[in-house]
Amino acid sequence: MIIPSVLVLPFPAQGHVNPMINFSQNLVERGCKVYFVNTDLNHKQVVSSMVEQQESLDESLLKLVSIPDGLRPEDDRTDFGKFFDAILSTMPSMLRKKIEEIHLNGEDRISCIVADVNMGWALNVGNKLGIKGALFWPASAAMFAMQCNIHTLIDNGIIDSDGISITKNTFRISATMPVMDTGSLLWRGIADSITSKKIFKILMEAAETTNLTEWCLCNTTYELEPGVLSFVPKLLPVGPLLRSYDNKSVNARSIGQFWEEDLSCMDWLDQQPHHSVLYVAFGSFTLFDQNQFNELALGLDITNRPFLWVVRQDSNSTNKITYPNEFLGSHGKIVSWAPQQKVLRHPAIACFVSHCGWNSTMEGLSNGVSFLCWPYFGDQFYNKKYICDELKVGLGFDSDENGLVSREEIITKVDQLLSDENKRSRSLKLKEKLISNIEEGSMSSENFSKFVKWLKD
């Protein structure tokens with residue numbers, strides 16, 4: 001039997017690497033071999049985080065490899081304009097060199113490239129080498145529809161040719177899709193106006209790469225986004241893409257993490273009552289200033305409930321953030337990075353205080369957890385609105401006149417959410433619908449099988 005060798009290329013950010021690692025592990029389980037390509041810097045972080053790795057990583061079937069991103073290790077990769085420029089000027093030639101190196105070694109011949117939509121240039125590299133390609137979209141189907149319909153938004157006077165809002169009105173891309181507002185445009189809030197314009201152009205060009213392939217896969221389900229998927233039939237849902245754990249892997253760390261997971265939080269959760277713990281995690285990018293950090297810390301204290309709070313070490317060192325003197329933290333546990341999927345499926349978790357990144361959204365929904373939504377940038381504002389207004393399984397925080405989410409607001413919303421049995425009930429029903437898509441014969445599973453069959457043809 002032919003074992004296809006697939007090269008998987010995520011955009012170099014934790015929120016893009018996570019779903020594509022899960023996708024890659026699915027490919028391996030279905031009889032494929034995968035070369036997973038990180039940037040050199042991210043590859044180093046991933047390997048470092050896998051100290052005492054106990055999750056089975058069969059390196060004969062899932063190989064972690066890397067190429068340069070064009071920047072020096074000390075360069076600021078949060079300068080998105082500079083980062084995108086470096087990627088586009090450096091990585092295409094480096095990717096070609098990596099593929100040729102794999103072929104020269106004689107181990108395998110890459111038969112397909114699966115690239116993040118925003119790394120769609122990789123399909124052009126593949127075309128020149130006679131390698132077929134597919135695209136992977138790591139955010140919601142709604143954001144895919146938005147990015148692929150930028151020209152329509154311009155023509156309809158919603159935005160100008162630089163992606164800047166012309167009107168503050170809400171809009172619909174399609175009658176089958178939820179209402180959006182210009183504050184939740186995918187490229188907003190990422191950088192300064194000049195850099196944002198540059199990123200907007202790059203996203204517009206990336207959307208055009210969807211014409212290079214018949215396959216565009218997404219970590220979502222028909223039940224979750226039916227209206228959007230009917231509007232963009234080219235986008236095939238293969239979600240929820242979750243890691244599978246067996247009983248022997250209780251202490252296993254997840255592959256692909258930029259930081260080492262602190263597994264001590266699982267023992268701590270075992271000691272907490274069912275449905276009692278606030279899980280507080282804002283992903284790999286969110287940064288708070290000192291005033292907001294203080295309000296969050298003191299708000300968690302005053303709730304008088306157990307909490308598990310993920311505070312990245314880099315978020316403290318970058319911002320010189322310190323805990324307020326009044327903060328006791330006696331009800332909680334603070335870790336620098338958590339095995340999030342394991343945490344969310346633990347029976348002690350009562351709700352998820354989240355930035356609403358799409359991976360966190362899918363993991364929370366797939367575990368029947370209700371949300372307290374605190375978006376930071378980009379698609380997170382749309383995800384928050386969808387969680388609260390369409391799915392009705394969460395609440396959002398409101399800022400005060402100083403732009404802060406106050407400790408009182410945190411207490412109010414925690415109490416309001418945890419006393420709402422309807423939201424809890426809807427969360428559990430939604431979990432059943434999402435998890436059923438993992439089962440053989442389900443829509444997502446069938447889509448994945450069709451893709452693998454195409455790979456093996």
Looking only at the aromatic ring of each residue, does the gap between the centers of Phe80 and Phe285 stay below 6.0 angstrom? yes
Pairs of donor and acceptor atoms involving the side chains of residues 85-94, under 3.5 Å and at least two apart or interchain, shall be tabulated with distances.
unit_1 : atom_1 : unit_2 : atom_2 : d
Asp85  : OD2    : Lys198 : NZ     : 2.9
Ser89  : OG     : Asp85  : O      : 2.9
Ser89  : OG     : Ala86  : O      : 3.2
Thr90  : OG1    : Ala86  : O      : 3.1
Ser93  : OG     : Thr90  : O      : 3.0

Check the pair Ser66 / Lys44 against side chain to side chain donor-acceptor pair (under 3.5 Å), numbers first and verdict last. CA-CA 9 Å; Ser66 69; Lys44 185 178 179 181; over 6 Å; no
Is there a donor-acceptor contact under 3.5 Å linking the side chains of His346 and Asp270? yes
Donor-acceptor check, side chain of Glu223 to backbone of Leu434, threshold 3.5 angstrom: yes or no? no
Phe293 and Trp309: ring pair (Phe, Tyr, Trp, His ring centres under 6.0 Å), yes or no, with the steps? CA-CA 12 Å; Phe293 189 82; Trp309 184 13; 5.2 Å; yes
Can Ser444 and Thr221 be counted as having a side-chain donor-acceptor contact under 3.5 angstrom? no
Distance-only donor-acceptor pairs under 3.5 Å for side chains of residues 231-238, two or more places apart:
unit_1 : atom_1 : unit_2 : atom_2 : d
Lys234 : NZ     : Thr210 : O      : 2.3
Lys234 : NZ     : Thr213 : O      : 2.7

Pair Arg109-Ser5, side-chain donor/acceptor within less than 3.5 Å: no
Distance alone, cut at 3.5 Å: any donor-acceptor contact between the side chains of Tyr279 and Gln340? yes
Would you please say whether a donor-acceptor pair under 3.5 Å links the side chains of Ser445 and Glu440? no
Ion pair check, Glu101 and Lys98, cut-off under 4.0 Å: yes
Does Lys201 pair with Asp162 as a salt bridge, N-O distance under 4.0 Å? yes
Knowing that exactly one of Val353, Leu287, Val311 qualifies, which makes a side chain to side chain contact (heavy atoms under 4.5 Å, CB included) with Phe282? Val353
Would you call Lys82 and Asp76 a salt bridge, using N to O less than 4.0 angstrom? no
Would you check if there is a donor-acceptor pair between the side chains of Asp108 and Tyr35 at a distance under 3.5 Å? yes
Output field: ring centroids Trp215/Phe448 closer than 6.0 Å: no
Would you check if there is a donor-acceptor pair between the side chains of Asn18 and Gln257 at a distance under 3.5 Å? yes
Pairing donors with acceptors under 3.5 angstrom, does anything connect the side chains of Asn118 and Gln147? yes
In terms of side-chain heavy atoms, does Asn367 have a donor or acceptor partner in Arg345 at a distance below 3.5 Å? no
